[in-house]
2 protein chains.
Amino acid sequence: MGKKSTDHLSGISSIPLFHGLPEPALNLLDNILEEREFLRGENIFTEGSRSTGFYIIVKGRVKVFKLSAEGKEQILHIVGAKELLGAVSAFAGNPYPAFADAMEKTKALFFPQNDFLELIRKEPSVVMNMMANLAMRLQHFTRMIDDLSLKEVPGRLAAYLLYMCEQNGCSDSVEIDISKGQLASLLGTIPETLSRILRKLSDNRVLEVKGKKIRLMNKKALRDIINGIDRVKS
Amino acid sequence: MGKKSTDHLSGISSIPLFHGLPEPALNLLDNILEEREFLRGENIFTEGSRSTGFYIIVKGRVKVFKLSAEGKEQILHIVGAKELLGAVSAFAGNPYPAFADAMEKTKALFFPQNDFLELIRKEPSVVMNMMANLAMRLQHFTRMIDDLSLKEVPGRLAAYLLYMCEQNGCSDSVEIDISKGQLASLLGTIPETLSRILRKLSDNRVLEVKGKKIRLMNKKALRDIINGIDRVKS
DNA sequence: TATCTTTTTTGACATAAGTCAAGGATATCA
DNA sequence: TGATATCCTTGACTTATGTCAAAAAAGATA
(Lines give C-alpha, C1' and ligand atoms only; values in the text may rest on other atoms or scores of the structure.)
Protein backbone atom coordinates (compact mmCIF):
# COMPACT_ATOMS: atom_id res chain seq x y z
CA MET A 1 0.00 0.00 0.00
CA GLY A 2 3.03 2.13 -0.63
CA LYS A 3 3.26 5.53 0.93
CA LYS A 4 0.63 5.04 3.56
CA SER A 5 2.07 1.89 5.09
CA THR A 6 3.77 3.53 8.02
CA ASP A 7 0.72 5.64 8.71
CA HIS A 8 -1.21 2.44 8.92
CA LEU A 9 1.22 0.75 11.22
CA SER A 10 1.28 3.53 13.76
CA GLY A 11 -2.46 3.90 13.40
CA ILE A 12 -3.14 0.21 13.68
CA SER A 13 -1.27 -0.32 16.90
CA SER A 14 -3.21 2.50 18.54
CA ILE A 15 -6.51 0.73 17.83
CA PRO A 16 -7.69 -1.07 20.95
CA LEU A 17 -8.67 -4.06 18.86
CA PHE A 18 -5.06 -4.58 17.82
CA HIS A 19 -3.30 -3.62 21.01
CA GLY A 20 -0.23 -5.62 21.81
CA LEU A 21 -0.01 -7.47 18.52
CA PRO A 22 3.48 -8.49 17.35
CA GLU A 23 5.08 -6.78 14.35
CA PRO A 24 4.28 -9.53 11.81
CA ALA A 25 0.60 -9.41 12.66
CA LEU A 26 0.59 -5.65 12.18
CA ASN A 27 2.17 -6.02 8.77
CA LEU A 28 -0.42 -8.61 7.87
CA LEU A 29 -3.12 -6.17 8.91
CA ASP A 30 -1.57 -3.42 6.88
CA ASN A 31 -2.16 -5.47 3.77
CA ILE A 32 -5.68 -6.39 4.70
CA LEU A 33 -7.09 -3.04 5.77
CA GLU A 34 -8.54 -0.81 3.14
CA GLU A 35 -8.85 2.93 3.66
CA ARG A 36 -12.20 4.53 2.95
CA GLU A 37 -13.57 8.02 3.27
CA PHE A 38 -17.11 9.26 3.73
CA LEU A 39 -18.54 12.74 3.41
CA ARG A 40 -20.80 14.39 5.94
CA GLY A 41 -24.23 12.80 5.69
CA GLU A 42 -23.04 9.95 3.47
CA ASN A 43 -24.57 6.56 4.10
CA ILE A 44 -22.10 3.85 5.09
CA PHE A 45 -24.49 0.96 5.37
CA THR A 46 -28.20 0.37 5.35
CA GLU A 47 -30.50 -1.65 7.54
CA GLY A 48 -31.10 -5.06 6.05
CA SER A 49 -28.15 -5.08 3.68
CA ARG A 50 -25.65 -7.90 3.83
CA SER A 51 -22.42 -7.20 5.67
CA THR A 52 -19.13 -7.85 3.94
CA GLY A 53 -16.87 -6.73 6.73
CA PHE A 54 -16.53 -4.10 9.38
CA TYR A 55 -14.97 -0.69 9.81
CA ILE A 56 -12.51 0.80 12.23
CA ILE A 57 -13.07 4.52 12.44
CA VAL A 58 -9.90 6.56 12.17
CA LYS A 59 -11.29 10.09 12.11
CA GLY A 60 -14.75 11.58 12.28
CA ARG A 61 -17.99 10.25 13.68
CA VAL A 62 -20.74 7.95 12.53
CA LYS A 63 -24.27 7.69 13.82
CA VAL A 64 -25.87 4.28 13.93
CA PHE A 65 -29.65 4.55 13.97
CA LYS A 66 -32.99 2.90 13.38
CA LEU A 67 -35.92 4.42 11.55
CA SER A 68 -39.57 4.02 12.47
CA ALA A 69 -42.19 3.50 9.79
CA GLU A 70 -42.88 7.24 9.82
CA GLY A 71 -39.22 8.12 9.48
CA LYS A 72 -38.52 9.05 13.08
CA GLU A 73 -34.97 8.12 13.93
CA GLN A 74 -33.57 6.59 17.09
CA ILE A 75 -29.82 6.85 17.36
CA LEU A 76 -28.41 3.66 18.85
CA HIS A 77 -24.92 5.00 19.33
CA ILE A 78 -22.37 7.33 17.90
CA VAL A 79 -19.14 5.70 16.83
CA GLY A 80 -15.99 7.78 17.03
CA ALA A 81 -12.30 7.40 16.33
CA LYS A 82 -10.68 4.04 17.14
CA GLU A 83 -14.04 2.36 17.53
CA LEU A 84 -15.59 -0.45 15.53
CA LEU A 85 -18.52 -0.11 13.17
CA GLY A 86 -20.60 -3.00 11.93
CA ALA A 87 -18.54 -5.61 13.69
CA VAL A 88 -21.47 -7.43 15.22
CA SER A 89 -23.16 -8.09 11.91
CA ALA A 90 -19.93 -8.98 10.21
CA PHE A 91 -19.20 -11.46 12.90
CA ALA A 92 -22.64 -12.95 13.33
CA GLY A 93 -23.04 -13.12 9.58
CA ASN A 94 -26.35 -11.30 9.78
CA PRO A 95 -27.51 -8.32 7.76
CA TYR A 96 -26.95 -4.92 9.31
CA PRO A 97 -29.68 -4.25 11.87
CA ALA A 98 -29.51 -0.47 11.50
CA PHE A 99 -28.38 2.41 9.32
CA ALA A 100 -25.03 4.14 9.59
CA ASP A 101 -24.39 7.67 8.30
CA ALA A 102 -21.24 9.74 8.59
CA MET A 103 -21.91 12.79 10.76
CA GLU A 104 -18.87 14.58 9.43
CA LYS A 105 -16.05 13.83 7.03
CA THR A 106 -14.96 10.41 8.24
CA LYS A 107 -11.93 8.27 7.53
CA ALA A 108 -12.20 4.57 8.24
CA LEU A 109 -10.36 1.32 7.68
CA PHE A 110 -12.43 -1.42 6.13
CA PHE A 111 -11.77 -4.96 7.26
CA PRO A 112 -13.15 -7.57 4.86
CA GLN A 113 -14.93 -10.48 6.47
CA ASN A 114 -12.90 -13.23 4.82
CA ASP A 115 -9.57 -11.84 5.88
CA PHE A 116 -10.84 -11.63 9.41
CA LEU A 117 -11.22 -15.38 9.72
CA GLU A 118 -7.67 -15.77 8.51
CA LEU A 119 -6.39 -13.25 11.02
CA ILE A 120 -8.08 -15.04 13.88
CA ARG A 121 -6.37 -18.25 13.00
CA LYS A 122 -3.02 -16.51 13.02
CA GLU A 123 -3.65 -14.18 15.94
CA PRO A 124 -6.40 -15.40 18.28
CA SER A 125 -5.72 -12.69 20.82
CA VAL A 126 -7.48 -10.20 18.57
CA VAL A 127 -10.69 -11.97 19.41
CA MET A 128 -10.21 -11.23 23.07
CA ASN A 129 -10.06 -7.52 22.39
CA MET A 130 -13.03 -7.80 20.16
CA MET A 131 -15.05 -9.56 22.81
CA ALA A 132 -14.26 -6.81 25.26
CA ASN A 133 -15.60 -4.38 22.71
CA LEU A 134 -18.81 -6.33 22.24
CA ALA A 135 -19.22 -6.72 25.98
CA MET A 136 -18.88 -2.98 26.48
CA ARG A 137 -21.45 -2.26 23.87
CA LEU A 138 -23.83 -4.76 25.40
CA GLN A 139 -23.56 -2.94 28.67
CA HIS A 140 -24.23 0.33 26.93
CA PHE A 141 -27.38 -1.11 25.39
CA THR A 142 -28.44 -2.54 28.71
CA ARG A 143 -28.28 0.91 30.22
CA MET A 144 -30.07 2.36 27.23
CA ILE A 145 -32.98 -0.07 27.51
CA ASP A 146 -33.13 0.70 31.18
CA ASP A 147 -33.31 4.41 30.43
CA LEU A 148 -35.84 4.15 27.64
CA SER A 149 -38.31 2.06 29.53
CA LEU A 150 -37.87 3.08 33.13
CA LYS A 151 -37.00 6.73 33.04
CA GLU A 152 -38.86 9.72 31.70
CA VAL A 153 -37.16 12.04 29.27
CA PRO A 154 -35.85 14.47 31.92
CA GLY A 155 -34.27 11.48 33.65
CA ARG A 156 -32.59 10.32 30.47
CA LEU A 157 -31.29 13.81 29.81
CA ALA A 158 -29.97 14.12 33.36
CA ALA A 159 -28.26 10.72 33.08
CA TYR A 160 -26.73 11.75 29.79
CA LEU A 161 -25.43 15.06 31.09
CA LEU A 162 -23.94 13.59 34.26
CA TYR A 163 -22.35 10.82 32.22
CA MET A 164 -20.85 13.29 29.76
CA CYS A 165 -19.63 15.45 32.59
CA GLU A 166 -17.77 12.53 34.13
CA GLN A 167 -16.20 11.60 30.81
CA ASN A 168 -14.69 15.05 30.30
CA GLY A 169 -13.03 15.32 33.66
CA CYS A 170 -16.20 16.97 34.83
CA SER A 171 -15.68 20.69 35.09
CA ASP A 172 -19.43 21.06 35.65
CA SER A 173 -19.76 22.09 32.04
CA VAL A 174 -20.74 19.92 29.11
CA GLU A 175 -20.28 20.82 25.48
CA ILE A 176 -22.67 18.71 23.45
CA ASP A 177 -20.94 17.97 20.18
CA ILE A 178 -24.05 16.99 18.28
CA SER A 179 -27.08 19.03 17.31
CA LYS A 180 -29.88 19.22 19.83
CA GLY A 181 -32.09 17.40 17.38
CA GLN A 182 -29.61 14.56 17.31
CA LEU A 183 -29.38 14.59 21.06
CA ALA A 184 -33.15 14.27 21.20
CA SER A 185 -32.94 11.23 18.97
CA LEU A 186 -30.19 9.75 21.12
CA LEU A 187 -32.44 10.20 24.16
CA GLY A 188 -35.33 8.59 22.36
CA THR A 189 -37.43 11.70 22.05
CA ILE A 190 -38.07 14.64 19.69
CA PRO A 191 -36.50 18.11 19.50
CA GLU A 192 -39.60 19.90 20.83
CA THR A 193 -39.69 17.85 23.99
CA LEU A 194 -35.97 18.24 24.59
CA SER A 195 -36.21 21.97 24.06
CA ARG A 196 -39.02 22.32 26.58
CA ILE A 197 -37.18 20.28 29.19
CA LEU A 198 -33.98 22.28 28.75
CA ARG A 199 -36.05 25.41 29.21
CA LYS A 200 -37.64 24.17 32.40
CA LEU A 201 -34.33 23.04 33.87
CA SER A 202 -32.90 26.38 32.93
CA ASP A 203 -35.73 28.25 34.65
CA ASN A 204 -35.18 26.19 37.78
CA ARG A 205 -31.44 26.96 37.79
CA VAL A 206 -30.51 23.31 37.45
CA LEU A 207 -28.80 24.00 34.15
CA GLU A 208 -27.46 27.00 32.31
CA VAL A 209 -27.86 26.53 28.59
CA LYS A 210 -25.88 28.66 26.16
CA GLY A 211 -26.20 27.14 22.72
CA LYS A 212 -24.38 23.84 22.83
CA LYS A 213 -22.69 24.65 26.12
CA ILE A 214 -24.51 23.39 29.18
CA ARG A 215 -23.42 24.13 32.73
CA LEU A 216 -24.58 21.77 35.41
CA MET A 217 -25.52 24.17 38.21
CA ASN A 218 -27.10 21.61 40.50
CA LYS A 219 -25.95 18.05 40.13
CA LYS A 220 -27.87 16.90 43.16
CA ALA A 221 -31.08 17.97 41.46
CA LEU A 222 -30.06 16.07 38.32
CA ARG A 223 -29.49 12.91 40.32
CA ASP A 224 -32.87 13.37 41.96
CA ILE A 225 -34.49 13.66 38.55
CA ILE A 226 -32.91 10.37 37.49
CA ASN A 227 -34.46 8.77 40.53
CA GLY A 228 -37.86 10.17 39.77
CA ILE A 229 -37.76 12.85 42.45
CA ASP A 230 -38.71 15.52 40.03
CA ARG A 231 -38.43 19.03 41.36
CA VAL A 232 -38.98 20.40 37.90
CA LYS A 233 -42.50 19.31 37.13
CA SER A 234 -44.14 22.11 39.03
CA MET B 1 -16.86 -34.95 40.26
CA GLY B 2 -17.52 -38.69 40.34
CA LYS B 3 -20.84 -39.98 39.25
CA LYS B 4 -21.92 -36.92 37.34
CA SER B 5 -18.90 -36.72 35.07
CA THR B 6 -20.49 -38.41 32.10
CA ASP B 7 -23.63 -36.36 32.53
CA HIS B 8 -21.46 -33.34 32.28
CA LEU B 9 -19.63 -34.51 29.22
CA SER B 10 -22.74 -35.22 27.22
CA GLY B 11 -24.28 -32.02 28.56
CA ILE B 12 -21.24 -29.95 27.84
CA SER B 13 -20.90 -30.92 24.23
CA SER B 14 -24.51 -29.94 23.63
CA ILE B 15 -23.85 -26.39 24.80
CA PRO B 16 -23.37 -24.12 21.82
CA LEU B 17 -20.47 -22.45 23.56
CA PHE B 18 -18.54 -25.69 23.57
CA HIS B 19 -19.60 -27.14 20.25
CA GLY B 20 -16.92 -29.04 18.45
CA LEU B 21 -14.37 -29.06 21.23
CA PRO B 22 -11.97 -32.03 21.35
CA GLU B 23 -12.23 -34.63 24.09
CA PRO B 24 -9.41 -33.26 26.28
CA ALA B 25 -10.99 -29.84 26.37
CA LEU B 26 -14.28 -31.35 27.44
CA ASN B 27 -12.57 -33.20 30.26
CA LEU B 28 -10.89 -30.02 31.33
CA LEU B 29 -14.26 -28.31 31.38
CA ASP B 30 -15.76 -31.12 33.39
CA ASN B 31 -13.34 -30.32 36.18
CA ILE B 32 -13.94 -26.61 36.00
CA LEU B 33 -17.72 -26.42 35.85
CA GLU B 34 -19.61 -26.38 39.10
CA GLU B 35 -23.23 -27.44 39.26
CA ARG B 36 -25.65 -25.10 41.02
CA GLU B 37 -29.38 -25.14 41.62
CA PHE B 38 -31.81 -22.31 42.22
CA LEU B 39 -35.38 -22.40 43.45
CA ARG B 40 -38.25 -20.53 41.83
CA GLY B 41 -37.89 -16.85 42.65
CA GLU B 42 -34.37 -17.22 44.01
CA ASN B 43 -31.96 -14.43 43.22
CA ILE B 44 -28.90 -15.49 41.25
CA PHE B 45 -27.14 -12.18 41.09
CA THR B 46 -27.85 -8.58 41.90
CA GLU B 47 -27.30 -5.35 40.02
CA GLY B 48 -24.04 -3.76 41.03
CA SER B 49 -22.47 -6.83 42.61
CA ARG B 50 -19.09 -8.02 41.41
CA SER B 51 -19.11 -10.91 38.99
CA THR B 52 -16.96 -13.94 39.74
CA GLY B 53 -17.88 -15.96 36.70
CA PHE B 54 -20.81 -16.84 34.50
CA TYR B 55 -23.48 -19.50 34.28
CA ILE B 56 -24.58 -21.90 31.60
CA ILE B 57 -28.22 -22.75 32.14
CA VAL B 58 -28.95 -26.46 31.97
CA LYS B 59 -32.61 -26.55 32.92
CA GLY B 60 -35.18 -23.93 33.85
CA ARG B 61 -35.41 -20.24 33.08
CA VAL B 62 -33.97 -17.07 34.47
CA LYS B 63 -35.22 -13.53 34.03
CA VAL B 64 -32.68 -10.76 33.76
CA PHE B 65 -34.20 -7.42 34.66
CA LYS B 66 -33.67 -3.85 35.77
CA LEU B 67 -35.59 -2.05 38.48
CA SER B 68 -36.68 1.57 38.37
CA ALA B 69 -36.46 3.75 41.46
CA GLU B 70 -40.11 2.97 42.21
CA GLY B 71 -39.58 -0.76 41.83
CA LYS B 72 -41.05 -1.16 38.37
CA GLU B 73 -39.22 -3.92 36.57
CA GLN B 74 -38.11 -4.10 32.97
CA ILE B 75 -37.18 -7.58 31.85
CA LEU B 76 -34.15 -7.42 29.57
CA HIS B 77 -34.31 -11.02 28.48
CA ILE B 78 -35.25 -14.47 29.63
CA VAL B 79 -32.42 -16.95 29.60
CA GLY B 80 -33.29 -20.59 28.99
CA ALA B 81 -31.52 -23.94 28.71
CA LYS B 82 -28.10 -23.97 27.00
CA GLU B 83 -27.81 -20.23 27.16
CA LEU B 84 -25.29 -18.07 28.99
CA LEU B 85 -26.03 -15.95 32.01
CA GLY B 86 -23.79 -13.13 33.23
CA ALA B 87 -21.14 -13.75 30.61
CA VAL B 88 -20.81 -10.14 29.55
CA SER B 89 -20.00 -8.89 33.02
CA ALA B 90 -17.70 -11.78 33.73
CA PHE B 91 -15.83 -11.07 30.58
CA ALA B 92 -15.74 -7.29 30.75
CA GLY B 93 -14.83 -7.48 34.42
CA ASN B 94 -17.64 -5.12 35.31
CA PRO B 95 -20.26 -5.53 38.01
CA TYR B 96 -23.56 -7.07 36.92
CA PRO B 97 -25.70 -4.42 35.23
CA ALA B 98 -28.99 -6.07 36.17
CA PHE B 99 -30.72 -8.53 38.47
CA ALA B 100 -31.23 -12.20 37.69
CA ASP B 101 -33.92 -14.32 39.34
CA ALA B 102 -34.81 -17.93 38.66
CA MET B 103 -38.34 -18.11 37.24
CA GLU B 104 -38.63 -21.79 38.08
CA LYS B 105 -36.40 -24.46 39.56
CA THR B 106 -33.23 -23.98 37.59
CA LYS B 107 -30.09 -26.02 37.17
CA ALA B 108 -26.97 -24.26 35.96
CA LEU B 109 -23.25 -24.79 35.53
CA PHE B 110 -21.08 -22.12 37.07
CA PHE B 111 -17.90 -21.20 35.25
CA PRO B 112 -15.42 -19.34 37.49
CA GLN B 113 -13.75 -16.35 35.88
CA ASN B 114 -10.17 -17.42 36.55
CA ASP B 115 -10.56 -20.80 34.96
CA PHE B 116 -12.00 -19.15 31.92
CA LEU B 117 -8.79 -17.33 31.10
CA GLU B 118 -6.96 -20.62 31.36
CA LEU B 119 -9.40 -22.33 29.03
CA ILE B 120 -9.01 -19.64 26.44
CA ARG B 121 -5.31 -20.15 26.35
CA LYS B 122 -5.78 -23.86 25.81
CA GLU B 123 -8.81 -23.67 23.53
CA PRO B 124 -9.19 -20.34 21.77
CA SER B 125 -12.01 -21.59 19.59
CA VAL B 126 -14.35 -21.31 22.56
CA VAL B 127 -14.04 -17.58 22.25
CA MET B 128 -15.39 -17.68 18.75
CA ASN B 129 -18.55 -19.34 19.93
CA MET B 130 -18.79 -16.91 22.75
CA MET B 131 -18.49 -13.97 20.40
CA ALA B 132 -21.31 -15.32 18.31
CA ASN B 133 -23.37 -15.47 21.47
CA LEU B 134 -22.58 -11.88 22.39
CA ALA B 135 -23.23 -10.73 18.86
CA MET B 136 -26.65 -12.37 18.88
CA ARG B 137 -27.56 -10.75 22.12
CA LEU B 138 -26.44 -7.38 20.82
CA GLN B 139 -28.78 -7.77 17.90
CA HIS B 140 -31.57 -8.69 20.27
CA PHE B 141 -30.96 -5.53 22.27
CA THR B 142 -30.79 -3.49 19.11
CA ARG B 143 -34.25 -4.68 18.19
CA MET B 144 -35.45 -4.07 21.71
CA ILE B 145 -34.27 -0.46 21.74
CA ASP B 146 -35.89 -0.01 18.37
CA ASP B 147 -39.16 -1.36 19.74
CA LEU B 148 -39.11 0.60 22.96
CA SER B 149 -38.46 3.95 21.39
CA LEU B 150 -40.10 3.74 18.00
CA LYS B 151 -43.12 1.57 18.49
CA GLU B 152 -46.14 1.92 20.71
CA VAL B 153 -47.15 -0.89 23.00
CA PRO B 154 -49.55 -2.56 20.55
CA GLY B 155 -46.70 -2.63 18.04
CA ARG B 156 -44.34 -4.24 20.51
CA LEU B 157 -46.95 -6.83 21.41
CA ALA B 158 -47.61 -7.58 17.75
CA ALA B 159 -43.89 -7.93 17.07
CA TYR B 160 -43.56 -10.25 20.04
CA LEU B 161 -46.47 -12.45 19.01
CA LEU B 162 -45.35 -12.77 15.40
CA TYR B 163 -41.82 -13.52 16.54
CA MET B 164 -43.01 -16.20 18.96
CA CYS B 165 -45.25 -17.66 16.30
CA GLU B 166 -42.31 -18.04 13.92
CA GLN B 167 -40.18 -19.66 16.60
CA ASN B 168 -42.71 -22.38 17.29
CA GLY B 169 -43.19 -23.47 13.70
CA CYS B 170 -46.03 -21.00 13.58
CA SER B 171 -49.31 -22.83 13.84
CA ASP B 172 -51.03 -19.44 14.22
CA SER B 173 -51.24 -20.10 17.92
CA VAL B 174 -48.88 -18.86 20.63
CA GLU B 175 -48.71 -20.21 24.15
CA ILE B 176 -47.10 -17.55 26.31
CA ASP B 177 -45.08 -19.37 28.92
CA ILE B 178 -44.78 -16.46 31.32
CA SER B 179 -47.43 -14.60 33.28
CA LYS B 180 -49.11 -11.70 31.56
CA GLY B 181 -47.59 -9.40 34.12
CA GLN B 182 -44.14 -10.63 33.15
CA LEU B 183 -44.98 -10.25 29.49
CA ALA B 184 -45.98 -6.67 30.17
CA SER B 185 -42.59 -6.09 31.76
CA LEU B 186 -40.84 -7.71 28.82
CA LEU B 187 -42.71 -5.33 26.50
CA GLY B 188 -41.78 -2.36 28.64
CA THR B 189 -45.26 -1.66 29.94
CA ILE B 190 -47.61 -2.58 32.81
CA PRO B 191 -50.22 -5.33 33.19
CA GLU B 192 -53.18 -2.95 32.94
CA THR B 193 -52.07 -1.58 29.60
CA LEU B 194 -51.34 -5.03 28.21
CA SER B 195 -54.70 -6.30 29.36
CA ARG B 196 -56.53 -3.46 27.65
CA ILE B 197 -54.67 -3.96 24.40
CA LEU B 198 -55.33 -7.69 24.39
CA ARG B 199 -58.99 -6.87 24.94
CA LYS B 200 -59.11 -4.46 22.05
CA LEU B 201 -57.34 -6.83 19.68
CA SER B 202 -59.72 -9.55 20.78
CA ASP B 203 -62.75 -7.37 20.09
CA ASN B 204 -61.40 -6.61 16.63
CA ARG B 205 -60.88 -10.32 15.90
CA VAL B 206 -57.16 -9.86 15.40
CA LEU B 207 -56.46 -12.21 18.29
CA GLU B 208 -58.33 -14.83 20.22
CA VAL B 209 -57.16 -14.88 23.82
CA LYS B 210 -57.90 -17.87 26.03
CA GLY B 211 -55.83 -17.56 29.18
CA LYS B 212 -52.22 -17.99 28.11
CA LYS B 213 -53.16 -19.30 24.69
CA ILE B 214 -53.33 -16.69 21.98
CA ARG B 215 -54.46 -17.39 18.44
CA LEU B 216 -53.32 -15.02 15.74
CA MET B 217 -56.47 -14.61 13.67
CA ASN B 218 -55.17 -11.84 11.43
CA LYS B 219 -51.43 -11.63 10.94
CA LYS B 220 -51.72 -8.96 8.29
CA ALA B 221 -53.37 -6.70 10.85
CA LEU B 222 -50.57 -7.44 13.32
CA ARG B 223 -47.97 -6.48 10.76
CA ASP B 224 -49.87 -3.29 10.06
CA ILE B 225 -49.89 -2.45 13.74
CA ILE B 226 -46.11 -2.85 13.87
CA ASN B 227 -45.86 -0.35 11.05
CA GLY B 228 -48.08 2.13 12.79
CA ILE B 229 -51.12 1.48 10.63
CA ASP B 230 -53.30 0.98 13.62
CA ARG B 231 -56.74 -0.36 12.84
CA VAL B 232 -57.37 -0.90 16.49
CA LYS B 233 -57.37 2.59 17.85
CA SER B 234 -60.91 3.37 16.87
C1' DT C 1 -64.62 -28.16 48.74
C1' DA C 2 -63.64 -23.98 50.97
C1' DT C 3 -60.19 -20.39 51.93
C1' DC C 4 -56.60 -17.64 50.85
C1' DT C 5 -53.41 -15.58 47.76
C1' DT C 6 -52.05 -14.00 43.45
C1' DT C 7 -53.04 -12.56 38.91
C1' DT C 8 -55.92 -10.32 35.64
C1' DT C 9 -59.37 -7.20 34.26
C1' DT C 10 -62.00 -2.89 34.31
C1' DG C 11 -63.03 1.92 35.31
C1' DA C 12 -62.09 6.75 36.21
C1' DC C 13 -58.50 9.86 36.05
C1' DA C 14 -53.88 12.33 35.43
C1' DT C 15 -50.07 13.44 32.71
C1' DA C 16 -45.88 12.94 29.96
C1' DA C 17 -44.84 13.41 25.67
C1' DG C 18 -46.09 13.44 20.80
C1' DT C 19 -48.26 16.23 16.63
C1' DC C 20 -49.00 20.23 14.01
C1' DA C 21 -47.92 24.78 12.92
C1' DA C 22 -45.49 29.03 13.02
C1' DG C 23 -41.98 32.29 14.32
C1' DG C 24 -36.94 33.08 15.64
C1' DA C 25 -32.33 32.04 15.73
C1' DT C 26 -28.15 30.13 13.71
C1' DA C 27 -25.35 28.38 10.48
C1' DT C 28 -23.75 27.98 5.62
C1' DC C 29 -22.42 29.47 1.36
C1' DA C 30 -22.01 32.35 -2.64
C1' DT D 1 -22.35 40.86 3.40
C1' DG D 2 -26.74 39.16 2.36
C1' DA D 3 -29.55 35.12 1.15
C1' DT D 4 -31.02 30.57 2.02
C1' DA D 5 -31.45 26.56 4.42
C1' DT D 6 -31.29 24.35 8.72
C1' DC D 7 -31.99 24.16 13.44
C1' DC D 8 -34.26 25.53 17.59
C1' DT D 9 -38.06 27.24 20.28
C1' DT D 10 -42.78 28.08 21.60
C1' DG D 11 -47.84 27.49 21.67
C1' DA D 12 -52.19 24.96 21.38
C1' DC D 13 -53.86 20.53 21.11
C1' DT D 14 -54.28 15.29 21.22
C1' DT D 15 -53.36 10.92 22.85
C1' DA D 16 -51.08 6.87 24.56
C1' DT D 17 -50.04 5.13 28.64
C1' DG D 18 -49.31 5.41 33.45
C1' DT D 19 -51.67 5.66 38.39
C1' DC D 20 -54.96 4.43 41.72
C1' DA D 21 -58.58 1.59 43.29
C1' DA D 22 -61.58 -2.20 43.31
C1' DA D 23 -63.81 -6.21 41.46
C1' DA D 24 -63.39 -10.66 39.07
C1' DA D 25 -60.88 -14.72 37.86
C1' DA D 26 -57.55 -18.09 38.45
C1' DG D 27 -54.27 -20.76 41.28
C1' DA D 28 -52.59 -22.52 45.44
C1' DT D 29 -53.20 -24.50 50.09
C1' DA D 30 -55.38 -26.80 53.51
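Letters A, B, ... are given to chains in the order of the sequence lines, protein chains preceding strands, and every chain is numbered from 1. The figures that follow rest on heavy atoms only: side chains count, while hydrogens, waters and symmetry mates do not.
What separates CG of B:Leu150 from P of C:dA17 is a distance of 16 Å, to the nearest Å. One atom, NZ of B:Lys200, and another, C1' of C:dT9, lie 15 Å apart when rounded to the nearest Å. Atom CD of B:Glu104 is separated from atom C1' of D:dA28 by 18 Å (rounded to the nearest Å). When the C1' atom of C:dT8 is taken as reference, atom CD1 of B:Ile176 falls 11 Å away, rounded to whole Å. Per the geometry, CD1 belonging to A:Ile190 stands 11 Å off C1' belonging to C:dA16, to the nearest Å. For B:Leu148 and D:dT17, the CG to P distance is 12 Å, given to the nearest whole Å. A straight line from CD1 of B:Ile197 to C1' of C:dT10 spans 15 Å, rounded to a whole angstrom.
Atom CG of A:Leu187 and atom CE of A:Met144 lie 8.5 Å apart (nearest 0.5 Å). Considering CG of B:Leu183 and NZ of B:Lys212, their distance stands at 9.0 Å, rounded to 0.5 Å.
Side-chain N/O atoms of A:Asn43 and A:Thr46 include a donor and acceptor closer than 3.5 Å. The closest side-chain donor-acceptor pair between A:Gln139 and B:Asn94 falls under 3.5 angstrom.
Under the side chain to side chain contact (heavy atoms under 4.5 Å, CB included) test applied with B:Ile57, the options B:Ile44, B:Leu84, B:Val79, B:Leu109 reduce to a single match, B:Val79.
Geometric assessment of A:Arg50 against the ring of A:Phe45 yields a negative cation-pi assignment under the 6.0 Å and 45° thresholds.
A ring-centre distance under 6.0 Å is found for B:His77 and B:Phe141. Remark: aromatic rings of A:Tyr55 and A:Phe38 are close, center separation under 6.0 Å.
Taking five base pairs at each end of the helix from C:dT1-D:dA30 to C:dA22-D:dT9, the local helix axes there meet at an angle of 50°, rounded to 10°.
Residue B:Pro154 places its side chain closer to D:dT17 than to any other of C:dT19, C:dA16, D:dT17.
Judged purely by atom type and a 3.5 angstrom limit, A:Thr142 uses its side chain to pair as donor or acceptor with the backbone of A:Leu138. Side-chain atoms of A:Lys66 come within 3.5 Å of backbone N or O of A:Pro97 as a donor-acceptor pair.
Few gaps surround CZ on A:Arg36; more than 12 heavy atoms of other groups in view lie less than 6.0 Å from it.
The stretch residues 155-164 of chain A does not touch DNA chain C, since none of its heavy atoms comes less than 4.0 Å from the strand.
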Could I get a table of every N or O pair under 3.5 Å where one atom is in the protein and the other is in nucleotides 6-12 of chain D?
{"unit_1": "D:dC8", "atom_1": "OP1", "unit_2": "A:Lys180", "atom_2": "N", "d": "2.7"}
{"unit_1": "D:dC8", "atom_1": "OP2", "unit_2": "A:Gly181", "atom_2": "N", "d": "2.9"}
{"unit_1": "D:dT9", "atom_1": "OP1", "unit_2": "A:Lys180", "atom_2": "NZ", "d": "3.2"}
{"unit_1": "D:dT9", "atom_1": "OP2", "unit_2": "A:Ser195", "atom_2": "OG", "d": "3.3"}
{"unit_1": "D:dT9", "atom_1": "O5'", "unit_2": "A:Ser195", "atom_2": "OG", "d": "3.1"}
{"unit_1": "D:dT10", "atom_1": "OP1", "unit_2": "A:Arg199", "atom_2": "NE", "d": "3.2"}
{"unit_1": "D:dG11", "atom_1": "N7", "unit_2": "A:Arg196", "atom_2": "NH1", "d": "3.0"}
{"unit_1": "D:dG11", "atom_1": "O6", "unit_2": "A:Arg196", "atom_2": "NH2", "d": "3.4"}

